[in-house]
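Single-structure report; data block below.
Just the heavy atoms: all of them, side chains too, but no hydrogens, waters or symmetry mates, feed the values below. A note on names: the letters A, B, ... follow the listed sequences, proteins ahead of strands, and every chain is numbered from 1. None of the values given here were measured: they were computed from a predicted structure.
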There are 2 protein chains.
Amino acid sequence: MAQSKKNEFTQEDIWLADVAKALSHPARVRILKILNDMSTCMVGNLVNKLPLAQATVSQHLKELKRVGLIHGEIEGPKICYCVNSKALSKAKNALDNLFSKMGCC
Amino acid sequence: MAQSKKNEFTQEDIWLADVAKALSHPARVRILKILNDMSTCMVGNLVNKLPLAQATVSQHLKELKRVGLIHGEIEGPKICYCVNSKALSKAKNALDNLFSKMGCC
DNA sequence: ATCGTTCATCGTAAATATACGATAAAGGAG
DNA sequence: CTCCTTTATCGTATATTTACGATGAACGAT
């Protein structure tokens, strides 16, 4: 709880900012929504639903993977992406906590 | 609910990504936490608590203002920043919705 | 072994973000 | 008015992000 004065940021704040960064592009928001809605989740499917080239979609998937919000499983030549519900709920809790209070001057 | 196929992103997704972008830096996470915890919220106070120059803090405040998460009120020569609880709860709801389901393959 | 499919990675160009010192603007104090 | 304080903005350097085509790697099918 105790925040440092003028020092570096806490790991918690850095992590939360990192998760937010992963959500900070419409394509990645959309990808998460699609993965929430579908059980089939090949990359090709996502590319068809996004106004972006395949390489770019792959790059966005990498960013979501980086923070652990999704992961992919190899199925033959295809890769099935799905959300990591554990990471999602951890992020949800942290964000809820950030948004909980409302002290205003 | 119905998502377009290959078209541009929805305004909802763009907005949500924009809010996430505002949270995507440790300094801005910290600023929100400080504003949640304190009632006194001058910029000088924030500068003292962050490992950043005044100009940089001002820039981060501008970004939080841009998406409406905070706003400032002029009090003489000082400016009192506070969180916009309405915007915070709207963002919280949208993020909760994004994180709610957990279909996995 | 040679395709065709699927996806990641490389290379790269353009745009955006981050940081800081310097400066401007606005208001209170003397 | 002239200072001093407080905060925003400007100018700028550096780093990161975003996007795409091209290429590479992995696999199933023929």
Side-chain angles (χ1 to χ4, degrees), chain A residues 6-9 13-14 16-32 34-35 38 40-82 105, chain B residues 6-9 13-32 34-35 38 40-67 69-82 105:
Chain A
K6 187 87 180 182
N7 303 336
E8 286 309 305
F9 301 110
D13 288 353
I14 292 171
L16 191 48
D18 217 31
V19 170
K21 185 155 70 71
L23 301 176
S24 71
H25 192 290
R28 297 195 288 265
V29 169
R30 184 94 118 85
I31 287 171
L32 276 185
I34 292 171
L35 291 184
M38 302 180 63
T40 61
C41 42
M42 299 169 22
V43 176
N45 249 318
L46 293 168
V47 173
N48 287 335
K49 289 170 184 293
L50 294 167
L52 296 171
Q54 178 263 321
T56 309
V57 172
S58 196
Q59 217 169 232
H60 285 303
L61 289 169
K62 188 178 181 180
E63 173 69 8
L64 288 169
K65 259 190 297 185
R66 186 183 61 81
V67 295
L69 288 178
I70 66 174
H71 68 276
E73 284 171 18
I74 299 174
E75 291 203 4
K78 305 179 182 180
I79 296 188
C80 167
Y81 273 101
C82 57
C105 53
Chain B
K6 185 86 179 182
N7 303 337
E8 286 310 303
F9 301 110
D13 288 353
I14 292 171
W15 169 78
L16 191 48
D18 217 31
V19 171
K21 186 155 70 70
L23 302 177
S24 71
H25 192 288
R28 296 194 290 266
V29 169
R30 184 94 118 86
I31 287 171
L32 277 185
I34 292 171
L35 291 183
M38 301 180 62
T40 60
C41 43
M42 298 169 23
V43 176
N45 249 318
L46 293 168
V47 174
N48 286 335
K49 290 171 184 294
L50 294 167
L52 297 170
Q54 178 263 323
T56 308
V57 173
S58 195
Q59 217 171 231
H60 284 304
L61 289 169
K62 189 179 182 182
E63 173 69 7
L64 288 169
K65 258 191 298 188
R66 186 182 62 81
V67 296
L69 287 178
I70 66 173
H71 69 275
E73 284 171 17
I74 298 174
E75 291 203 6
K78 306 179 182 181
I79 296 188
C80 168
Y81 273 100
C82 57
C105 52

Fill in the blank from the handout: Reading nucleotides 25-30 of chain D from 5' to 3' and marking B where a protein heavy atom lies under 4.0 Å of the base, S where only the sugar-phosphate is that close, and - otherwise, the string is --SS--
Report yes if at least one side-chain N or O of [X] is closer than 4.0 Å to OP1 or OP2 of [N]; otherwise report no.
| X | N | answer |
| --- | --- | --- |
| Y81(A) | dA8(C) | yes |
| H60(B) | dA19(C) | yes |
| K21(A) | dT17(D) | yes |

For [X] and [N], give me the distance from atom [atom1] to atom [atom2], rounded to whole Å.
| X | N | atom1 | atom2 | value |
| --- | --- | --- | --- | --- |
| N48(A) | dT5(C) | CG | C1' | 13 Å |
| D18(A) | dT16(D) | CG | C1' | 13 Å |
| L61(B) | dT9(D) | CG | C1' | 14 Å |
| E63(B) | dT16(D) | CD | P | 18 Å |

Practice task
Could you tell me how the ring of H25(B) sits relative to the ring of F9(A): parallel (under 30°), tilted (30 to 60°) or perpendicular (over 60°)?
Solution key: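 H25(B) vs F9(A) ring planes: perpendicular.
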Practice task
Check for a donor-acceptor pair, side chain of R30(A) on one end and backbone N or O of K49(A) on the other, with a separation under 3.5 Å.
Solution key: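 Judged by distance alone, yes, a pair lies under 3.5 Å.
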Practice task
Mind checking side-chain hydrogen bond (donor to acceptor under 3.5 Å, both in side chains) for Q54(A) and listing every partner two or more places apart, or none if nothing turns up?
Solution key: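 Checked Q54(A) against side-chain hydrogen bond (donor to acceptor under 3.5 Å, both in side chains); zero matches.
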What nucleotide, of [options], holds the atom closest to the side chain of [X]?
| X | options | answer |
| --- | --- | --- |
| H25(A) | dC7(C), dT7(D), dT18(D) | dT18(D) |
| K62(B) | dC20(D), dT9(D), dT7(D) | dT9(D) |
| K78(A) | dC7(C), dA17(C), dA8(C) | dC7(C) |

Exercise for the section: Report yes if a donor N or O on one partner sits less than 3.5 Å from an acceptor N or O on the other, where the partners are the side chain of Q59(A) and the base of dA19(D); otherwise report no. Expected result: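 Side chain to base: pair found, below 3.5 Å.
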Just the table, please: protein N/O against nucleotides 21-24 of chain D N/O, every pair under 3.5 Å.
none

